[in-house]
Structure formats: structure tokens, C-alpha cells
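Before any comments, here is the structure.
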Amino acid sequence: MKAEQIIPILRIFDYQKTLEFYIDWLGFEIAWEHRFEDDMPVYIEVKKDNIILHLSEHYGDASPGSSIFIWGEGVAEYHKELIDKKYKYNRPGLEKTFYDAVAFTVHDPFGNKIIFNEKYNQHKHEALKFHSIE
């Protein structure tokens, strides 16, 4: 079997907090959303570049407290963009990890976390100031 795309599903509980975190702060856009009826839970697809996530209020679709690990490029620049927004509830530190990556972790309002990673390149990343959690 060859996978064409993997789309994680994260559990959410509050539509407005979801928009504030994923759209306003992280910079994702809503690709589509669905409710069976107006007063039913929402299921949303959000995307940012080639990252696609499904966010669901439906019980049983996912467990709160899930983690997503993403490899990419431009992690330090994206981190700076997020820090510059001064989001009240999340100011992640930039780290150089034991697995030789530049990384930062964000925690959504529902207990899920997304870890953004880029392979460490000394020439590209040597001037960065890292936050240590030790």
C-alpha cells in the first residue's frame, strides 16, 4: 500500500476558540466545514500550505491530548511570525532538539499539541537563540 496523504483528526470542543487558535494565530485557512444540522457538532478541514488537519467536535472522532509531529522547512521563520502575533495563550520557545532539529511546540485549547520541526543546519541556524526547557 502507498499512502497518498495522511490527515490527522484532532478533537475540538469550542468553535470560536478553534478559529482563534488555528485560523487567527497559526494562520491556517478553512477549506470546508460540515454540520449535519445547525445545532450539531462541526467537522472542519483546515490547511496551511501542504499541511492539512481535520478538526472535529464529534465524540469518538479523536481523543483530546493528541500530538502531531511535522517535519518541514522555515520553522524558525514561522516561529518568529507566531511570536510576533503575541497570542495571549501560547508563546512557544524555539529549541534545538536531541534529534538534531530546530523545533517548537504549540498546545491548542483542547489539549492537543503540534510539534513543528526542521532538520538542523549549522550554516542556516547558527545565529538562532534557542530556549532550553532544562
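Worth knowing before you read on, the calculation uses all heavy atoms, side chains too, and leaves out hydrogens, waters and symmetry mates. Sequential numbering from 1 along the given sequence is applied to the chain's residues.
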### Task
Scan residues 56-67 for pairs that pass side-chain hydrogen bond (donor to acceptor under 3.5 Å, both in side chains), counting only residues two or more places apart or in two chains.
Ser56-Asp61

### Task
Name all pairs fulfilling the salt bridge (charged side-chain N to carboxylate O under 4.0 Å, His left out) condition that reach into residues 111-128, sequence neighbours left out, sorted by first residue then second.
Glu118-Lys124

### Query
Looking at side-chain heavy atoms only, is the closest gap between Tyr87 and Asp24 below 4.5 Å?
no

### Query
For residues 2-20, which residue pairs qualify under salt bridge (charged side-chain N to carboxylate O under 4.0 Å, His left out), counting only residues two or more places apart or in two chains?
none

### Query
side-chain contact (heavy atoms from CB on, under 4.5 Å) between Val75 and Asn117: does it pass, once the steps are laid out?
CA-CA 6 Å; Val75 167; Asn117 298 269; 5.5 Å; no

### Query
Tyr89: what forms a side chain to side chain donor-acceptor pair (under 3.5 Å) with it, not counting sequence neighbours?
none

### Message
List the residues meeting side chain to side chain contact (heavy atoms under 4.5 Å, CB included) with His54, not counting sequence neighbours, and say none if there are none.
### Response
Ile7, Ile9, Trp32, Tyr43, Glu45, Ile52

### Other residues, nucleotides, ligands: >12 heavy atoms within 6.0 Å of Asp39 CG
yes

### Task
Could you tell me which residues satisfy ring pair (Phe, Tyr, Trp, His ring centres under 6.0 Å) with Tyr22, sequence neighbours excluded, listed by chain and number?
none

### Pair listing, salt bridge (charged side-chain N to carboxylate O under 4.0 Å, His left out) test, anchored in residues 97-112, at least two apart
Lys96-Asp100

### Task
For residues 69-82, pull every pair meeting salt bridge (charged side-chain N to carboxylate O under 4.0 Å, His left out), keeping only residues two or more places apart or in separate chains.
Lys80-Asp84

### Query
Transitive ILVMFWY cluster of Ile115 at side-chain heavy atoms under 4.5 Å: who else is in it?
Phe69, Trp71, Phe98, Tyr99

### Query
Which residues satisfy the side chain to side chain contact (heavy atoms under 4.5 Å, CB included) test with Pro92, sequence neighbours excluded?
Trp25, His79, Ile83, Asn90, Phe104, Val106

